[in-house]
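Read through the structure below, which is laid out as structure tokens, and then see the notes.
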Amino acid sequence: MVAVAAACLSLAATASSASAQSSTSATAITSSRSFPKTTTVKKNLLAESTSTSVDSNSNWGGIESLNPPQTKSTAEKEAEAKAAAEKAAAEAAAQAAAQAAAQAAAQAQQQAASRSQSRSSLSASTSSPSSTVTVNPPDSASASALVAYAAQFVGVVPYVSGGNTPAGWDCSGFVQYVFAQMGISLPHYSGAQATLGTAVPSLAEAQPGDIIANGAHSGIYVGNGMVVNALNKNAGTAYTPVAYAFRGSYSIRRLL
């Protein structure tokens with residue numbers, strides 16, 4: 001009887017312990033790892049941030065050999081553009097000036113050649129040296145008498161290179177002959193005639209009877225911007241505008 005009672009007590013204790021274990025098992029929280037377990041311990045934690053792995057055949061060079069692109073500010077770009085524009089404008093102006101100078105030189109050379117050719121050519125229709133022109137001599141030694149005397153040869157005496165008589169004359173030969181009738185001796189060269197007498201500053205101050213001359217041509221001023229002169233083979237002795245007879249600079253000289 002006692003044995004039965006002891007067995008019952010032991011069974012009850014076992015049941016109570018199992019019940020307690022079941023209750024504890026129902027409220028427990030378990031967890032598992034979500035990342036692989038690390039088995040290697042890193043001794044240098046900064047090694048990963050200070051080293052870089054590159055391909056063995058790569059050639060990036062050192063810091064000393066880096067050549068980053070150079071950039072310019074807007075002001076520097078505008079200054080360079082302005083300098084380039086000014087340089088181009090200066091070159092264009094220099095080229096235009098050179099062309100203008102070349103054209104002027106060519107024109108002057110052509111005019112000089114034309115004068116030289118006119119003076120070196122003899123007219124086939126020129127009257128013989130023995131022919132004479134009948135004119136009235138100057139009635140005084142005044143400038144007006146000189147102009148009136150010179151006017152008698154207009155349209156009558158031909159142009160003859162090297163001539164200085166009414167049978168035919170060139171520009172300086174005509175001026176030389178007319179002044180000789182007034183008792184004034186002149187050289188037979190327009191450049192020399194441009195240095196005689198008193199200089200007149202401008203055409204506006206010129207008076208009839210003044211000599212207008214340069215190294216290529218000479219004539220006698222008659223007023224209103226005109227000269228009487230032996231212009232060339234085609235024109236002979238004629239009235240000519242100063243602007244047409246003298247394409248370049250000239251000298252105005254007063255002898256009367």
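Heavy-atom basis, side chains included; hydrogens, waters and symmetry copies ignored.
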Set of residues satisfying side chain to side chain contact (heavy atoms under 4.5 Å, CB included) with respect to [X], sequence neighbours excluded:
X: Ser142; answer: Ser140, Ser144, Ala145
X: Gln207; answer: Asp210, Arg254
X: Ala148; answer: none
X: Ser73; answer: Ala75, Glu76

Residues in side-chain hydrogen bond (donor to acceptor under 3.5 Å, both in side chains) with [X], at least two apart?
X: Gln152; result: none
X: Glu205; result: Ser202
X: Thr240; result: Asn229
X: Asn214; result: none

ring-ring contact (aromatic ring centres under 6.0 Å, His included) against [X], all qualifying residues, sequence neighbours excluded:
X: Tyr250; result: Phe246
X: Tyr149; result: Phe153
X: Phe174; result: Trp169

Nearest heavy atoms of [X] and [Y], plus distance in Å:
X: Gly209; Y: Val147; value: N-CG2, 3.5 Å
X: Tyr221; Y: Met226; value: CD1-O, 3.1 Å
X: Val157; Y: Pro166; value: CG1-O, 3.3 Å
X: Pro187; Y: Ala192; value: CG-CB, 3.5 Å
X: Ala199; Y: Arg253; value: CB-NH1, 3.3 Å
X: Ile220; Y: Ala150; value: CD1-CB, 4.4 Å

> Gln193 and Ser172: side-chain donor and acceptor closer than 3.5 Å?
Replying inline: no

Extract all donor-acceptor atom pairs below 3.5 Å that involve side chains of residues 82-89 and protein atoms in other chains or at least two apart in sequence.
none

> Rounded to the nearest 0.5 Å, what separation is found between the CG atom of Leu186 and the CG atom of Leu255?
Replying inline: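 It is 6.0 Å, given to the nearest 0.5 Å.
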
> About how many Å separate CG of Asn232 and CG of Asp170, when rounded to the nearest 0.5 Å?
Replying inline: 12.0 Å

